[in-house]
Engineer: 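There's a structure below that I have some questions on.
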Amino acid sequence: METGGASRKPTLTPKAVIHQKYGSKACYKIEEVHEPPPNGCPGLAIAQKGACSFRCNLELPDISVVSGTFKRKRDAEQSAAEIAIEKLGIHTRTNDPTAEESWDELVARINYLFSNEFLSALHPLSGHFRDATLREGDLYCLVPISVIFAYDARMCNLSKWIDPWVESNPYLVIPCILRAAAKLSESLYVPKGQLSIRRKNPYPSEVMTSTVTESSLSSERSLIEVVRIPHLLDKPVESIILDLSPTRYYLDLIAKELGLCDAAKVFISRPVGRVSSETRLYFAASVTFLSDLASDLLDFKEALHFEEPLNARATYLSGQDIYGDAILANIGYTWKSKELFHENIGLQSYYRMLINKTPSGIYKLSREAMLTAQLPSTFTTKANWRGAFPRDVLCTFCRQQRLSEPIISAVSVIASSKSSDKQNLQVVDSAAVEQDHANRGTIVGNEGQRVESEDTFRSEVRIYSKSQELILECSPIDTFKKQFDSIQNVSLRVLLWLDAYFKDLHVSLERLTSYAEALAIRFNPERFFEELASCRSVHSGLNSKVEGEISHKSNGVKLPCNYVGCGDSFPNIRGSDSGISPSNGSLVCISYNVALKVDGVEVTETIENNDEFEFEIGFGCVIPCLEAIVQQMSVGQSAYFSAELPPRDFILASTLDSARILHLLDSKECCLDYSCSLLRVTQPLEDRMEQAFFSPPLSKQRVEFAVKYIKESHASTLVDFGCGSGSLLDSLLNYHTSLQKIVGVDISQKSLSRAAKILHSKLSTEPNSHLPRTAIKSAVLYYGSITDFDPQLCDFDIATCLEVIEHMEEDQAYRFGNLVLSSFCPKLLVVSTPNYEYNVILQGSNLSSQEGGDSDDKTQLQPCKFRNHDHKFEWTREQFNHWARDLATRHNYSVEFSGVGGSGHLEPGYASQIAIFRRKSETRHEYPTNDAAESAHEYQVIWEWNSSSK
């Protein structure tokens, strides 16, 4: 329901100005422009790609113009339109028009609508003028004012210039139209006390022949389904059939269904759902409203009012006041054709519109799984997320609830170090967080631009009412490596809180506030409840049950409470165990079928099914009972179970046969029968699995472990074997160390290119309060295999190889160890690799042989999967210790063992095991011989930096 008074009057964009003059004759052609790469990383030996921009070529009947280049297509189009306006000398209004100017334009607009030219135009409103010529008797050629008000946006905009109160009460457009029509009394006739207008002079016969006759003959009689929404909440919403005839005005048929004799007394809402949709609500004009119009009162905003009861459900759907009974129909004329467009609107469509106004409903609809999917509790990765992204869901929710678009600000968080050697997060505040509320889900960052930084990100969300009053804001302290992830996570926090409210609309303020604080949300209770007041009378609370977990002995399957089955039906898993089962973080694919079952009746009605449905395990992406069962299945198995009924809205939003389902729902005992099959399982990536179990993540713990030894050894030179994207080298710049030269080696040019850009950005930055002053004088990145020898890497103080050797074959891991300790000879070597025995915890499985046998023989155990699909092996502690001790003994090094994640004193040890090799004495280099000598060659320098060229 709309609230508030006057607001800023609309202004036309350059494209809108061009459209007014040329319409469909204006042709916009977008061209991609690949700009040369910025000199962001001097000295990089790998070819860099520049950003992709867009240029627009606007072709008009008179001229053609080309815009400059822009990052967004729509900016290029607006620029081209602006250039065309300037070249054509089109005058655009720079100041707000006066009320007198607006009246003149309004009168001219009405005069055009009733012209011969408009009758044949391709416009949604012209179809109503043609249909008016089919009306008989006193209704002949009478055009209802309500259709002019509903289908001509220009008329509404002009009325807002005349009376700002039109913004809050759109029905005030009607008296504006009546007054303007009165000024055209010589050509137009307005019956007293009626909401219709017609021409005094009939349309010429040639116009009637070419437009009206042709369009009526091309139409056929149709039966369409529409929905009646009673204003009384205790009366059910029902589906009815309209009999459309090519010789009758369809609005007269709707008027008859509403108990009216004239279409002029039918009011029409704005589009429900998509702006381009013809789905609208039709309802009867109030008798009091009609008498107010007939009284010739001057102060219409005081006179116009409705005494009929408000239709809460229809008002909630449309976002504007609807009175009395209403009809929801998808019917009308479009910009594309003179034919009458219509589609069936049944109960399924109605209930989908209803749940599309809730966060959970929007997400369920995006997945087409009303009875299976639910809003996930965590945003993991873009690649594994299914359905609409949280930010998009939040934007849709705000539009559906008639709120301003959410303002999402990205904040760059830069890591610095203090004397405590712990990272200190410092925030660079956004400079223009609220500069543009008009853009969709506006995202702003430093200086109002998209944030480009290699540091972490923190985001916050603000939601305002249409009158720009702050309703809520969410400012969590969590940081993320990617700006996209940060934005999605903060959006999801807001959605989860809003969804909790919609699940229990009568929740106490104290409990709602407590949940908000847990999610770092602050809100204005008065504004929040006022903006969402209409939902209380429509939604009874979408599933407010508290879901716990109970266990049943049948098949050893655990199920959440409230999903314990119907009658004696318990979960049943069938099929042989393939040994491929999901774990937390796995991406699974299932097929499923959901049917409505009445207790004691054999026949069931299928209401939802899906041949391939993907979701992540462990993040609440589906209803709890389904996830609990899938976790206990293996690929190829099927499961059957029953669940309690969800809210009726979701069931009716799923089924096409609403009449049959409603009959079953009215039975004394109903439940849902689920059947599902596990089709495939994709195991989670290593870093996501580790992040789910460790805080800080193992990757950060490994960096801190290496920094400790760098400081203890007072190393001045470091080489990182298998440096990848430079995560370790980058992190080292956030600490005060004695390092003067850092080197990275990797076999991936793409990763090295990324590392070069990161390092150059930090090393070339002047010292400030965010970054510690570094002693590093030189940095080099090499392209090459770490199993090849290059004498340039000999005698470094410290060498690191973190989570790399498991990506080689085992014989290559031995070759690498021998090469480093015999030829490169660093004073200190730190090597880390996953502890295979810890996978039992990460994957939630048991270390027991499927074939039986001696459980103490760990070399026979093969139940756990590797943490990453690219791992060629993962060693137990015993295997890793054997590898490291053998190398140390052979090459005159000592070795000690440690790790991060978990505890070395408790089983199964550290999650990431680490070996620290120390050179015992000055070692004479043993340059590779035989086969190894053939592979010895210099690495290719990919990027080099030194402080003198800074």
Side-chain angles (χ1 to χ4, degrees), residues 37-50 454 699 703 706 717-733 739-764 776-809 811-813 815-826 829-833 868 870-872 925 927-928 931-947 949:
N39 191 24
C41 188
L44 184 60
I46 303 172
Q48 304 176 62
K49 292 183 179 180
E454 300 299 340
S699 57
V703 170
T717 58
L718 175 142
V719 56
D720 185 20
F721 292 106
C723 66
S725 298
S727 58
L728 172 63
L729 301 177
D730 173 36
S731 299
L732 290 176
L733 301 181
L739 291 174
Q740 296 183 21
K741 180 179 181 179
I742 56 175
V743 171
V745 184
D746 203 271
I747 203 170
S748 168
Q749 289 194 354
K750 183 177 181 181
S751 296
L752 288 169
S753 176
R754 193 178 300 117
K757 294 174 183 177
I758 294 172
L759 294 176
H760 177 81
S761 174
K762 280 193 174 181
L763 290 171
S764 301
I776 292 176
K777 299 178 180 179
S778 172
V780 186
L781 294 177
Y782 291 108
Y783 169 66
S785 170
I786 62 174
T787 58
D788 291 338
F789 176 72
D790 186 329
Q792 297 179 93
L793 300 187
C794 292
D795 285 332
F796 272 69
D797 292 334
I798 187 169
T800 55
C801 184
L802 306 183
E803 308 296 291
V804 176
I805 61 172
E806 63 273 9
H807 294 271
M808 320 173 177
E809 298 295 342
D811 61 333
Q812 290 182 312
R815 180 176 179 174
F816 164 74
N818 283 317
L819 177 67
V820 172
L821 298 183
S822 67
S823 301
F824 292 135
C825 301
L829 172 65
V830 179
V831 179
S832 76
T833 191
N868 192 308
D870 190 50
H871 287 184
K872 303 302 187 293
H925 296 293
Y927 288 96
D931 294 338
E934 295 180 5
S935 64
H937 65 280
E938 288 189 0
Y939 295 146
Q940 178 186 349
V941 176
I942 292 298
W943 172 79
E944 187 172 4
W945 177 92
N946 61 74
S947 58
S949 60

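Nothing fancy with the numbering, it's 1 onward along the sequence.
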Engineer: Tell me the closest heavy-atom pair linking Ala779 and Leu763, and the distance in Å.
Structural biologist: CB-CD1, 3.9 Å
Engineer: Using 0.5 Å steps for rounding, measure from the CD atom of Gln740 to the CD1 atom of Ile776.
Structural biologist: 9.5 Å
Engineer: Ignoring hydrogens, what is the shortest heavy-atom contact between Phe796 and Val719? Give both atom names and the distance.
Structural biologist: CD2-N, 3.7 Å
Engineer: Which heavy atom in Leu781 sits nearest to a heavy atom in Cys723, and how many Å separate them?
Structural biologist: CD2-SG, 4.4 Å
Engineer: For the side chain to side chain contact (heavy atoms under 4.5 Å, CB included) test, which of Leu793, Thr800, Val804 pairs with Phe721?
Structural biologist: Leu793
Engineer: Quick one, Glu803 with His871, criterion side chain to side chain contact (heavy atoms under 4.5 Å, CB included). Give me CA distance, side-chain angles, the key distance, then yes/no.
Structural biologist: CA-CA 10 Å; Glu803 308 296 291; His871 287 184; 5.7 Å; no
Engineer: State the CD-CD distance between Gln940 and Gln749, to the nearest 0.5 angstrom.
Structural biologist: 6.0 Å
Engineer: I'd like to know if the side chain of Ser761 and the backbone of Lys757 have a donor-acceptor N/O pair within less than 3.5 Å.
Structural biologist: no
Engineer: Measure the CG-CG distance between Asp730 and Asp720 for me, rounded to the nearest 0.5 Å.
Structural biologist: 11.5 Å
Engineer: To the nearest 0.5 Å, tell me how far Trp945 CH2 sits from His760 NE2.
Structural biologist: 9.5 Å
Engineer: Would you indicate whether the side-chain heavy atoms of Val820 and Pro826 approach each other to under 4.5 Å?
Structural biologist: yes
Engineer: I'd like to know if the side chain of Ser727 pairs up with that of Ser725 as donor and acceptor (distance under 3.5 Å, no hydrogens or angles considered).
Structural biologist: no
Engineer: Tell me, with the steps shown, if Lys762 and Leu733 meet side chain to side chain contact (heavy atoms under 4.5 Å, CB included).
Structural biologist: CA-CA 8 Å; Lys762 280 193 174 181; Leu733 301 181; 3.7 Å; yes
Engineer: Between Gln812 and Thr787, is any side-chain donor less than 3.5 angstrom from a side-chain acceptor?
Structural biologist: no
Engineer: Work out which heavy atom in Cys794 is nearest to a heavy atom in Ser823; give both atom names and the distance.
Structural biologist: SG-O, 3.3 Å
Engineer: With sequence neighbours excluded, tell me which residues meet salt bridge (Lys or Arg N to Asp or Glu O under 4.0 Å) with Lys872.
Structural biologist: Asp870
Engineer: When you look at Leu821 and Leu829, which way does the side chain to side chain contact (heavy atoms under 4.5 Å, CB included) test go after all the steps?
Structural biologist: CA-CA 8 Å; Leu821 298 183; Leu829 172 65; 3.7 Å; yes
Engineer: Taking atom CG of Leu729 and atom CD1 of Ile742, what is their separation to the nearest 0.5 Å?
Structural biologist: 5.0 Å
Engineer: Please lay out, stage by stage, how Ile798 and Thr717 fare under the test side chain to side chain contact (heavy atoms under 4.5 Å, CB included).
Structural biologist: CA-CA 7 Å; Ile798 187 169; Thr717 58; over 6 Å; no
Engineer: So, for Val703 and Ser731, which heavy atoms are closest and what is the spacing to 0.1 Å?
Structural biologist: CG1-CB, 3.5 Å
Engineer: Atom CD1 in Ile786, atom NE2 in His807: separation rounded to 0.5 Å?
Structural biologist: 10.5 Å
Engineer: Can you label the angle between the Phe824 ring and the Phe789 ring as parallel, tilted or perpendicular, going by 30° and 60°?
Structural biologist: parallel
Engineer: Between Phe816 and Ile805, is there a side-chain heavy-atom distance shorter than 4.5 Å?
Structural biologist: yes
Engineer: Show the nearest heavy-atom pair for residues Tyr939 and Gly784, with the distance to one decimal.
Structural biologist: CD2-CA, 3.9 Å
Engineer: Does any donor atom in the side chain of Ser778 or Asn946 lie under 3.5 Å from an acceptor atom in the other side chain?
Structural biologist: no
